[in-house]
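Down below is the structure, laid out as C-alpha cells.
These numbers were taken from a predicted model, which means no experiment stands behind them.
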Amino acid sequence: MIFENRLCKKIIKTNRPRRRLTFDVIDSNPHGRIFSMRPTHTGTMSKLKNKKRNLEENEDEQLPIFDKDGGKDGPHLDDGDEDQGDLSESEESVFSGLEESGSDSDDEEEEEEDEEDGSEEKSSDVEEDKTDRQLSAKEVIKPQTDGQNSKEKKKKKKAAGKEGGEESVASDRDSGLQISSQVDEYEHDTSDEEDIRNTVGNIPMEWYKDYPHIGYDLDGKKLFKPIRNKDELDEFLDKMENPDYWRTVQDKMTGADIRLSDEQVDLVHRLQQGKFGDVNFNEYEPAIDFFSNEVMIHPVTNRPQDKRSFIPSLIEKEKVGKLVHAIKMGWIKPRRPKETTPQYYDLWAKEDPNSILGRHKMHVPAPKMKLPGHEESYNPPPEYLMSEEERLAWEQQDPEDRKLSFLPQKFACLRAVPAYSRFIHERFERCLDLYLCPRQRKMRVNVNPEDLIPKLPKPKDLQPFPTTQSLVYRGHSSLVRSISVSPSGQWLVSGSDDCTVRFWEVSTARCLKTVEVGGAVKGVAWNPNPSICLVAVSYDDTVVLLNPGLGDRLVCTASDQLISSYEEPEEVKDQLVQWAVAEGEGHEQGHRLILKHPKAVRQVTWHGKGDYLACVMPDNGSSLQVVIHQVSKRRTQNPFRKNKGLVQCVSFHPIRPYFFVATQRYVRVYNLIKQELTKKLMANCKWISSMAIHPGGDNVICGSYDCRLAWFDLDLSTKPYKVLRHHKKALRSVAYHRHYPLFASGSDDGSVIVCHGMVYNDLLQNPLIVPVKVLKGHTITHDLGVLDVTFHPTQPWVFSSGSDGTVRLFT
Amino acid sequence: MSQVQARFFTENTKYLIDDVPFSIPAASEVVDLSGVINKLLEAKNDGHKHVEFDFLVRGQFLRTSLANHMETENISTEEVVEIEYVEKFTAPQPEECIMHDDWISSVEADSEWILTGSFDKTARIWSMEGKAVMTVAGHTDVVKDVAWVKRDGLSSLLLTASLDQTIMLWEWNSERNKVKARHCCRGHAGSVDTVAVDPTRTKFCSGSWDKMLKIWSTPLMTFSGHNEAVSSVLWMDAEELCSASWDHTIRLWDAETGGQKNTITGSKVFSCISYSPLCRRLASGSTDRHVRLWDPRSKDGYLVLLSLTSHNGWVTAVRWSPSHEHQLVSGSLDNVVKLWDTRSCKAPLYDLAAHEDKVMCVDWTENGLILSGGADNKLYTYRYSACVSDAGA
C-alpha cells in the first residue's frame with residue numbers, strides 16, 4: 001500500500017484530478033494488509049538497491065516505482081529469487097513507459113473517467129460541466145503543485161546528497177558520457193518522499209487520534225505523539241511569550257512543532273501573493289526564439305539526421321522525372337519573365353474626348369516662330385542688305401505686305417548694335433497671336449464616297465436593254481411631237497409640226513405612208529387593240545381617227561366597217577364635241593372620223609380595249625379639260641365637273657377601271673365605275689410633263705419639267721418611291737416597256753435615259769430601279785431635244801422622236 | 001526573235017516550191033512573204049509572172065506581221081512554222097450599177113438574169129449587163145422578196161412576195177418578153193417577207209409577219225411555232241426547212257411532216273439566214289453588228305461557232321458563196337457590203353462600200369457574181385473571180 005501511495009504521489013504531481021481517484025482506490029483497500037507485506041518488500045528493496053548500483057544513475061529516486069511493481073507482484077516475489085532477473089527487465093520497461101510520460105497517465109485518466117461515467121450514468125449531461133470544472137480546478141491548483149515541486153526538490157536534493165557521492169563516482173566509472181547527460185535529465189525529478197519519519201502515508205491523521213502513537217518509523221516502531229499537555233492558558237502564554245509562535249506550525253505526521261525558518265516564511269508569503277516560489281526565477285526573462293528564420297551553424301535539436309535524408313527518394317525522383325518530361329514536351333512552360341517596366345494606372349484611359357478635359361488631348365501646339373536668318377544678323381552678307389530702290393519700295397509698302405518686317409542693317413561689330421526698340425511691341429504681338437489664333441483640330445469624317453452609293457446590280461447583268469442607235473426615221477421637216485407603235489410592232493406612226501402624220505415600217509425605217517392633216521400634230525396614238533386598225537391624231541382642236549391601211553387587210557377593212565356601220569341613234573343629244581365622218585380626199589388618205597373639240601387638244605390616249613379615247617384640252621379656267629370618247633357609239637363625256645388644276649396628261653389603267661389625271665403638281669387616280677377619287681399622288685415637283693403607267697398597274701412614273709422623274713408605288717405611298725434626277729433638262733416624255741422591266745425618259749437635253757425598273761410580284765419587295773443607259777442621238781434644236789419616247793411592244797427597243805425632225809430607234 | 005523557221009506549201013500545183021524550211025524575218029508581212037515565194041518561183045521556172053499570194057498559218061489568214069500573228073495565235077516560235085500560201089483573192093471588181101426607182105428590197109440572180117424586188121411595188125428583171133428587161137407589176141404593195149423558180153427553155157417561173165400579204169407566181173417568156181401571172185397565193189395574214197423555192201423546184205415556202213410558214217404545194221402546209229414574225233426562210237435540202245424569226249430563234253422544220261427538228265436560240269432578232277451545203281454551216285444576220293455562224297445539226301442550240309464582227313449596223317443580208325466553203329458576203333445598215341473568209345474572222349477580206357444608204361439585200365451567183373441592193377435605189381454587181389481559180393484551196 002505504501003508503494004501504491006508513492007505511485008499516487010508521483011501521479012498527483014502530474015495530474016490533480018487523478019489523485020482523488022487514487023484515494024478512492026486506496027480507501028477501498030483493506031488497510032491492514034500493508035503491514036503484512038512490508039517486511040518482504042523491504043527485503044526486496046535492499047536487493048534492488050544493490051542491483052541498482054550497476055544501473056543508471058539517480059535510480060534511487062525511481063525506486064519507489066519499482067517498489068510499486070514489486071508491490072503488485074508481491075505474491076510472486078515470495079516464490080523465490082529466480083525471478084530477480086526478470087524483475088529487472090520489467091523494471092526497465094515500466095520505467096521507460098513512465099518516463100514517456102503523459103500518454104499513459106492520460107489513458108488511465110480516461111479509464112477513470114469511464115468509471116466515473118458508470119457511477120454517474122444518470123447525470124451524463126452534467127459530465128461536461130464537471131470536466132470543465134475539473135479543468136478549471138487544475139489551473140487553480142497548478143501553482144500550488146509548483147510550490148510543492150520546489151519544496152520537494154529541495155528535500156530531494158538533500159536526499160541525493162546522502163547517497164550521491166558514491167553513486168556519481170560509480171556511474172562515471174560505468175557508463176561515461178551518456179549517463180552523465182542523463183544525470184542532468186533526472187536531476188529535476190521530484191518524485192522522492194521527503195518525510196519518511198512516519199510511514200503511515202497520506203492518510204487522515206484523525207485515525208490515530210485515539211492512539212498514543214501517530215504512526216511508525218522506518219524500522220516499524222511506533223512513533224509516539226509528543227506529550228501535549230498544554231491547555232488553553234499555556235497556549236495563550238506561548239502565544240504571548242514566544243516571539244516565534246506565529247511561525248510555529250504543528251507537523252501532523254509527527255505531531256511536533258516546527259518553527260519555520262525565514263526562507264520558509266518568505267516562501268509562504270510569496271506563494272500567498274501568487275508569485276513564484278523561487279526568488280531568483282525571472283518570469284519575464286527575455287524569450288529566445290530558437291526556431292527563428294535565421295540559419296544557425298548548430299542545429300536546434302541534437303537529433304541525428306534521418307537515413308532518408310542521405311538516400312535519394314524514389315518518389316521524388318519519379319515526380320522530378322515527370323516534371324522534366326513535361327518540360328521537354330513543352331507542357332510546362334517557364335514562367336514568363338516579369339516585366340521590369342513599371343506599370344502605371346492610366347488615369348486618362350477612359351476619358352471622354354468630348355468632355356471639357358478631352359479637348360486638352362486635341363491640343364495643337366502653337367506655330368513655332370521662324371528662326372532668325374541671315375537678314376536678321378547684325379552683319380548680314382551684302383546680298384541681304386537692301387539697295388536704295390528696294391528700301392524705297394519697302395517703305396512704300398503697307399506693313400502687312402512687306403516681306404520683311406524690318407530693314408536689314410549692317411554694323412561694324414556687335415557692340416555697335418543699338419537696343420531693339422520694337423522688342424516689347426513684337427513680344428506683345430506674338431502673345432496676341434498665340435492668344436487670339438484659334439487652334440482647333442477639325443474632326444473630319446472619312447467616308448468613302450463609294451460606300452454611299454447603294455449597291456445596284458451592274459447594267460451588264462440587266463440585259464437586254466437598248467444600247468445603240470440602229471435606225472433613223474427621216475422624213476419629217478419639223479419637230480416630231482408624238483410617236484406611237486402599232487400593237488404588232490411592225491409599224492410606227494409619228495406626228496409632226498409639219499402637219500403630217502407618217503407611218504413607218506419599223507424594221508427598215510421606210511416611210512410607207514404620209515397623211516397630211518390640217519395642223520401641227522400634237523399627239524398620235526395607235527389603237528392598242530390588235531383587231532382594230534385605227535390611229536388617233538390630234539391637231540389644233542381636232543382629233544382625227546385614221547385608218548392607215550397597214551397590217552392585215554382584214555383588220556383594216558373590219559375597222560372601216562366598224563366605223564361605217566355606226567347608226568345614228570334616234571334621239572340626238574347635244575354633244576360636247578362634233579363627230580363627223582371624213583369623206584372625199586380625206587377618206588382616201590385614211591381619215592375616218594373627225595372630232596371637233598371646243599379647244600386645242602394636246603394629248604390623245606386610248607384605253608386598252610381600244611374603244612375609249614381620252615383627250616386632254618389643257619385650260620386653266622374651265623372644267624372641260626378632259627373628255628372621253630367612245631368610238632363605237634360616238635359618244636363623248638366629260639368625267640370631271642370641277643377644275644382641279646391644269647391637266648397635263650391623262651392615262652387609262654391598263655387593267656382596272658382607273659383613270660389617271662396628272663395636273664401640274666399632282667396625279668389623281670379616279671375610279672371610273674364608282675366615279676370617285678381614289679388616290680392623289682404628290683409628285684414633289686413643280687410641273688409634271690408626262691406620265692406612264694406600269695403594265696402591272698401598280699406603279700406610275702412621272703416626268704417633270706424640273707428634270708425629275710418620280711416613281712410612285714401605288715401600294716406603298718402617295719409620295720414618290722424614288723426620284724431620279726439624271727436628266728439635265730426638262731423631261732418631256734416617259735414610257736414603260738410592256739414586257740421587259742424597262743422604262744425610258746426623254747428630255748430636252750437630247751438624251752434618252754433607259755432604266756431597269758423591275759417590279760416584283762412579291763408585295764414586300766420594292767421595285768429595283770437601275771439606270772442602265774443614256775442614249776444620245778438627237779440634236780438639240782430650238783432648245784428642245786427628245787419630245788417623245790415609246791417602247792417597241794415586243795422587242796427591248798426604244799423609239800424616240802426629237803425636235804430635229806427624226807425618229808430614232810435604239811436597240 | 002528576229003528569225004522564224006518556216007516551211008511553205010501549197011495545194012496549187014502551179015506554184016509548187018521545194019519543201020525546204022526557210023529562215024525568214026519574224027517582222028515580215030504578207031507582201032514580204034509573197035516576194036519570197038515569187039523569188040523562189042522565178043528561180044525555179046523562168047517564165048514566172050509575179051503573183052500576189054496570201055498566207056495561212058494554221059488555217060488563219062496572215063494579216064499582220066508574222067511575229068504578231070504567232071503571238072496572238074499562241075504559236076511557238078521554236079518550231080518550224082507551216083505556212084500555206086494561196087493565190088491572193090483579187091478584189092471583187094464592180095461591174096454594173098443598176099438604178100431603180102425605189103429601194104431595192106430583194107435580189108436574186110441566176111446565170112443570165114437578175115431579178116430584183118423593189119419598194120415601188122414591182123419586181124424587175126435585168127440582164128447581166130444591167131439592162132432593164134422586164135418590169136413585173138401586179139402587187140399592191142411593196143415587194144419584199146423575189147425568187148427564181150425554174151428555167152424551162154425560154155420561159156422562166158419566178159415568185160414575188162409582197163407586203164400586201166400575197167405571193168405571186170409569174171411566168172416570164174424571155175424571148176417574147178412577156179410576163180404572165182400564174183398564181184396569186186393568198187393566205188398570209190401579214191406581209192410576206194420571205195419566200196424560198198425548194199431544191200426540187202416544185203414547191204416553195206413563204207414566211208410572213210403573221211408568224212406563219214407556209215409551203216405552197218398541194219396540199220398547202222402551214223407551220224406555226226414562231227412567236228414573232230418570220231424574217232427569213234430557206235431550204236436546207238428537199239426535206240428540211242429552216243426559218244429565222246423575230247422571236248430570237250432559228251427553227252429547223254421537217255418539210256414533210258411539219259414537225260420542228262431543232263431550235264437555235266440567239267439573243268437578238270434574226271433578220272436573215274443563209275446556208276452553205278459546202279461547209280454545212282448556217283450564217284445569220286441579226287439586229288446587231290454580228291454575223292454568226294451556227295451548226296444546224298448541233299443539238300446545243302446556243303453555241304455560236306464563229307462571230308464575224310466588223311459591221312456597224314444591223315446585218316440585213318448574208319449569203320454564202322455557192323462555190324467556196326469559206327466565203328460569204330454580208331450587207332448591213334451601215335451601207336457596207338463585206339466579203340468574209342471564215343479563216344480570217346477578225347477582219348473581212350474586202351469591204352464593198354459602194355452604197356450610199358442601207359444595204360437591204362445581197363446575192364452571190366454560181367458564176368461568181370456578187371449583187372447588192374440598197375435603200376439608195378442602186379443595185380451593184382461585182383465580179384469576183386479569185387475564188388474560182390482557187391477552188392478547193
Tested for salt bridge (charged side-chain N to carboxylate O under 4.0 Å, His left out) against R553(A), the lone hit among D164(B), D210(B), D141(B) is D141(B)
Q490(A) side, atom CD; L163(B) side, atom CG - distance, nearest 0.5 Å: 6.0 Å
Nearest-0.5 Å distance that lies between atom OG in S191(B) and atom CD in E505(A): 6.5 Å
Are R510(A) and D102(B) within salt-bridge range, i.e. N to O under 4.0 Å? yes
Any idea which of T794(A), D552(A), L554(A) has the most non-hydrogen atom pairs under 4.5 angstrom with chain B?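 Answer, by heavy-atom pair count under 4.5 Å with chain B: D552(A).
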Less than 4.5 Å apart, any side-chain heavy atom of T508(A) and any of M360(B)? yes
I need the residue from S231(B), S105(B), A189(B) with the largest number of non-hydrogen atom pairs under 4.5 Å to chain A.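 Greatest number of close heavy-atom pairs with chain A: A189(B).
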Interchain contact, K144(B) with chain A, by part (heavy-atom threshold 4.5 Å): side chain
What part of H248(B) lies closer than 4.5 angstrom to a heavy atom of chain A: side chain, backbone, both or neither?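 Looking at H248(B), just its side chain touches chain A.
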Side chain, backbone, both or neither: which part of [X] has a heavy atom under 4.5 Å from chain B?
X	result
T468(A)	neither
S488(A)	both
S470(A)	both

Which pair of heavy atoms, one from L471(A) and one from W314(B), lies closest together, and at what distance? CD1-CZ3, 3.8 Å
Might you confirm whether atom NZ of K776(A) has over 12 heavy atoms from other residues, nucleotides or ligands at distances under 6.0 Å? no
Take atom CD of E516(A) as the centre, draw a 6.0 Å sphere, and report whether it contains more than 12 heavy atoms from other residues, nucleotides or ligands. no
Please determine whether side-chain contact (heavy atoms from CB on, under 4.5 Å) holds for the pair V142(B) and L512(A), giving the CA-CA distance in whole Å, both sets of side-chain angles, and the decisive distance to 0.1 Å. CA-CA 9 Å; V142(B) 174; L512(A) 290 167; 3.9 Å; yes
Examine distances only and state if a side-chain atom of Q795(A) and a backbone atom of D247(B) form a donor-acceptor pair shorter than 3.5 Å.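 Answer holds: no.
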